[in-house]
Amino acid sequence: MDRDPAAVYAADVLVVRRGLVLRPGFLAVDPAGRVSRVGHGEPPASLGRVAAHYALLMPGFIDIHNHGGGGAGSNGGDVLNQWLEPCRVLKHMGEVGTTSCLATVIMPSDSDAVNMSVFHAVNEVVDKTGYGAVLRGIHMEGPVITTPGGLPPSSRYLAKEEFTRLLDAVGQHAKVATVSPTAAAKYGFWHVRELVARGIRPAIGHDTTAKAEDIVSMMKCSDKPLHVTHLFNVSTFHHRNVGICNFGMVKRFPNLPQYVKLTPPSIEVIGDLLHVNPLAIQTLLDQQREDLCFITDSIALHSDKTLNFCGRKLKIANGRVTLAGTDTIAGSCADMLDIYRNLITVFRLTPEQASPMLSEVPAHIAGIGNDVGTLDKGRSCDFVAMDGLDLLAVVVAGKPVSRGSGTASKAN
């Protein structure tokens with residue numbers, strides 16, 4: 001028999017997960033912050049007083065690629081330091097609807113001490129509530145990458161001994177690691193196999209020279225589907241000499257010997273409409289695939305004016321972050337609420353169509369789908385409440401997130 005709920009919430013539209021939308025619906029939260037009951041219609045009187053009734057309630061946003069916008073590097077500091085103060089980052093995320101995230105960490109060649117300090121700071125708060133969003137683990141963007149793009153160069157940690165030391169320092173909380181097929185091939189894909197052995201999901205990315213045979217070989221290192229890091233960015237598409245984008249854009253492989261037993265990788269796309277042209281995003285959305293998620297690649301806040309990136313100046317103007325003096329994009333100012341609004345207004349999706357790509361799918365990719373990403377019974381009660389495009393409330397583990405008066409919760 002269910003315990004008496006700690007809170008009951010009702011909504012005109014309750015998005016539980018892909019394929020399950022209740023109009024109207026309600027959910028009850030147990031004292032541990034878990035969903036204890038989900039139902040259609042109005043909540044029965046036996047559950048007690050309804051804490052709040054919203055127009056729309058859906059799973060909280062999950063960002064699996066975020067460099068810590070709003071962290072210790074803000075306002076003229078260095079991006080490398082953002083995750084040194086994870087509580088600052090998590091507070092901002094919670095205020096704009098992100099309820100879970102991965103800390104995306106880079107490994108520049110000459111920043112070993114900072115890297116280790118970041119790992120320590122992040123690991124201290126993994127899976128802990130009370131900060132805003134909950135940090136669920138780490139996404140290692142490197143160091144086995146060929147084409148840095150906006151990232152600083154990284155040539156350390158490639159030898160077996162150094163890479164093993166790096167993974168030991170990251171610890172058990174590493175969830176995803178971006179690896180370039182070209183770089184991995186030089187070492188016989190040892191790095192990829194080591195990630196798989198440790199339960200870390202390899203992600204294909206940061207490689208504009210990747211050959212089809214190397215991509216296939218990398219995919220064959222795991223029995224499970226790999227992932228593609230920010231599809232279209234720092235990767236290529238060609239109608240004959242296929243690259244990472246070609247592999248990321250297929251829902252199923254052709255019936256040819258080289259693709260036997262291969263499963264297409266899941267994909268993430270930066271949804272700020274600056275990194276990827278809306279036409280390309282529309283092409284993906286029209287595929288109606290179930291392994292597509294959106295990410296922020298956040299490196300700064302909209303309010304930031306200047307930043308450094310491992311000694312390089314960044315220019316921030318009109319929501320666009322570039323390496324000063326170049327057109328190279330280096331992260332974004334977007335948050336998941338911005339991306340949700342883009343999906344609704346620019347791509348004309350319904351909330352139930354948009355929600356899985358911002359919650360359920362990224363949770364599955366990061367290997368945390370048994371705990372978050374949906375509002376099924378037993379999951380952590382993490383949700384956002386909306387009225388149109390306006391964010392009304394954020395709840396994490398059954399408790400409302402405090403949101404400052406300056407929070408950009410209303411659409412412009």
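One is the number of the first residue; the rest follow in order along the sequence.
- Ile339 CD1 to Leu358 CG: the interatomic distance, rounded to the nearest 0.5 Å, is 7.0 Å.
- Taking a cutoff of 4.0 Å between a charged side-chain nitrogen and a carboxylate oxygen, Asp371 and Arg34 qualify as a salt bridge.
- In the model, His227 has a side-chain atom that pairs as donor or acceptor with a side-chain atom of Ser266 under 3.5 Å.
- Shown here is His364, whose NE2 atom has no more than 12 heavy atoms of other residues, nucleotides or ligands within 6.0 Å.
- A centroid separation of 6.0 Å or more is found between the aromatic rings of Phe119 and Trp83.
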Arg37/Asp376 under salt bridge (charged side-chain N to carboxylate O under 4.0 Å, His left out): CA gap, chis, key distance, verdict = CA-CA 8 Å; Arg37 183 173 175 180; Asp376 287 299; over 6 Å; no
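- If you take OH on Tyr54 and CG on Leu392, they are separated by 7.0 Å, rounding to the nearest 0.5 Å.
- Counting heavy atoms from C-beta on, the side chains of Met218 and Phe189 come closer than 4.5 Å.
- Judged by distance alone, with hydrogens and angles left aside, the side-chain atoms of Asp78 form no donor-acceptor pair with the main-chain N or O of Asn81 at under 3.5 Å.
- In this structure, the side chains of Ile316 and Leu307 come closer than 4.5 Å at one or more pairs of heavy atoms.
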Residues Leu167, Thr164; criterion side-chain contact (heavy atoms from CB on, under 4.5 Å); working and verdict = CA-CA 5 Å; Leu167 294 181; Thr164 300; 5.9 Å; no
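- Annotation: Gln172, atom CD; neighbour count of heavy atoms from other residues, nucleotides and ligands within 6.0 Å does not exceed 12.
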Evaluation steps, side-chain hydrogen bond (donor to acceptor under 3.5 Å, both in side chains), between Thr178 and His139 | CA-CA 8 Å; Thr178 298; His139 172 188; 2.8 Å; yes
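- Taken from CG in Leu375 to CG in Leu57, the straight-line distance is 6.5 Å, to the nearest 0.5 Å.
- Under the 4.5 Å side-chain criterion, counting only non-hydrogen atoms from C-beta, Ile64 is not in contact with Cys101.
- Among all heavy-atom pairs drawn from Ser380 and Val372, the shortest one is CB-CG1, 4.0 Å.
- A centroid separation of less than 6.0 Å is found between the aromatic rings of Phe383 and Tyr9.
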Worked check of side-chain contact (heavy atoms from CB on, under 4.5 Å) between Ile267 and Phe247 | CA-CA 10 Å; Ile267 57 176; Phe247 281 81; over 6 Å; no
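- For the 3.5 Å distance criterion, the side chains of Asn246 and His238 fail to qualify, holding no donor opposite an acceptor.
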May I have the step-by-step check of salt bridge (charged side-chain N to carboxylate O under 4.0 Å, His left out) for Arg198 and Asp168, ending in yes or no?
-> CA-CA 10 Å; Arg198 292 179 180 237; Asp168 289 342; 3.0 Å; yes
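- In this structure, a donor-acceptor pair under 3.5 Å is absent between the side chains of His206 and Thr146.
- Using a distance-only test at 3.5 Å, with no hydrogens or angles considered, no donor-acceptor pair links the side chain of Thr147 to the main chain of Gly149.
- Judged by distance alone, with hydrogens and angles left aside, the side-chain atoms of Ser355 form no donor-acceptor pair with the main-chain N or O of Pro351 at under 3.5 Å.
- No donor-acceptor pair under 3.5 Å is formed between the side chain of Asn342 and the backbone N or O of Leu273.
- Under a 4.0 Å N-O distance rule, the pair Arg165/Glu161 does not qualify as a salt bridge.
- By the 6.0 Å contact criterion, CG on Asp286 is enclosed, its count of non-hydrogen atoms from other residues, nucleotides or ligands being greater than 12.
- Salt bridge annotation for Glu352-Arg23: present, with a cationic side-chain nitrogen under 4.0 angstrom from a carboxylate oxygen.
- Looking at Ser359, its side chain does come within 3.5 Å of a backbone N or O of Gly60 through a donor-acceptor pair.
- When atom types are taken as modelled, the side chain of Gln353 and the backbone of Thr350 share a donor-acceptor pair closer than 3.5 angstrom.
- Screening Thr296, Thr98, Thr104 for a side chain to side chain donor-acceptor pair (under 3.5 Å) involving Asp63 leaves a single residue, Thr296.
- One finds the CE atom of Met336 at 7.5 Å from the SG atom of Cys293 (value rounded to the nearest 0.5 Å).
- A salt bridge does not link Asp272 to Arg320: none of the charged side-chain nitrogens sits closer than 4.0 Å to a carboxylate oxygen.
- Judged purely by atom type and a 3.5 angstrom limit, Gln258 has no side-chain atom pairing as donor or acceptor with the backbone of Glu213.
- Ring orientation note: the planes of His65 and His230 are tilted relative to one another, at an angle of 30° to 60°.
- Counting heavy atoms of neighbouring residues, nucleotides and ligands inside a 6.0 Å radius, atom NE2 of His40 exceeds 12 of them.
- The closest side-chain heavy-atom distance from Ile204 to Pro181 is below 4.5 Å.
- Heavy atoms only, all atoms of each residue included: Ile215 and Gly243 are closest at CD1-C, 3.7 Å.
- Here the straight-line distance linking atom CG of Leu166 with atom CD of Glu194 works out to 11.0 Å at 0.5 Å rounding.
- Leu90 is listed as a side-chain neighbour of Leu135, based on a closest heavy-atom distance under 4.5 Å.
- A donor-acceptor contact shorter than 3.5 Å is absent between the side chain of Ser180 and the backbone of Thr182.
- Looking at heavy atoms from C-beta onward, Thr208 lies out of side-chain contact with Ile244 at the 4.5 angstrom threshold.
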Run the side-chain contact (heavy atoms from CB on, under 4.5 Å) check on Leu292 and Leu285 step by step: do they pass?
-> CA-CA 9 Å; Leu292 161 65; Leu285 293 174; 4.0 Å; yes
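- A side-chain donor-acceptor contact under 3.5 Å links Asp12 and His53.
- Here the CG-CG distance, from Leu27 to Leu22, works out to 9.5 Å after rounding to the nearest 0.5 Å.
- Contact annotation: the side chain of Cys333 approaches that of Val321 to within less than 4.5 Å [non-hydrogen atoms, C-beta and beyond].
- At least one side-chain heavy atom of Leu14 sits less than 4.5 Å from a side-chain heavy atom of Val38.
- Comment: Lys175 does not engage Asp127 in a salt bridge, judged by the lack of any side-chain N to carboxylate O separation of less than 4.0 angstrom.
- Between the side chain of Gln287 and the backbone N or O of Met249 there is at least one donor-acceptor pair closer than 3.5 Å.
- Proximity of a side-chain donor or acceptor of Arg201 to a complementary backbone N or O of Leu195 within less than 3.5 Å is not detected.
- Classification of the Tyr259-Phe253 ring pair by plane angle, with boundaries at 30° and 60°, yields parallel.
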Applying side-chain contact (heavy atoms from CB on, under 4.5 Å), run through Phe309 and Ile106 and close with a yes or a no.
-> CA-CA 11 Å; Phe309 200 174; Ile106 60 174; 3.2 Å; yes
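- Checking Asp207 against Thr209 by side-chain atom types alone, a donor-acceptor pair falls below 3.5 Å.
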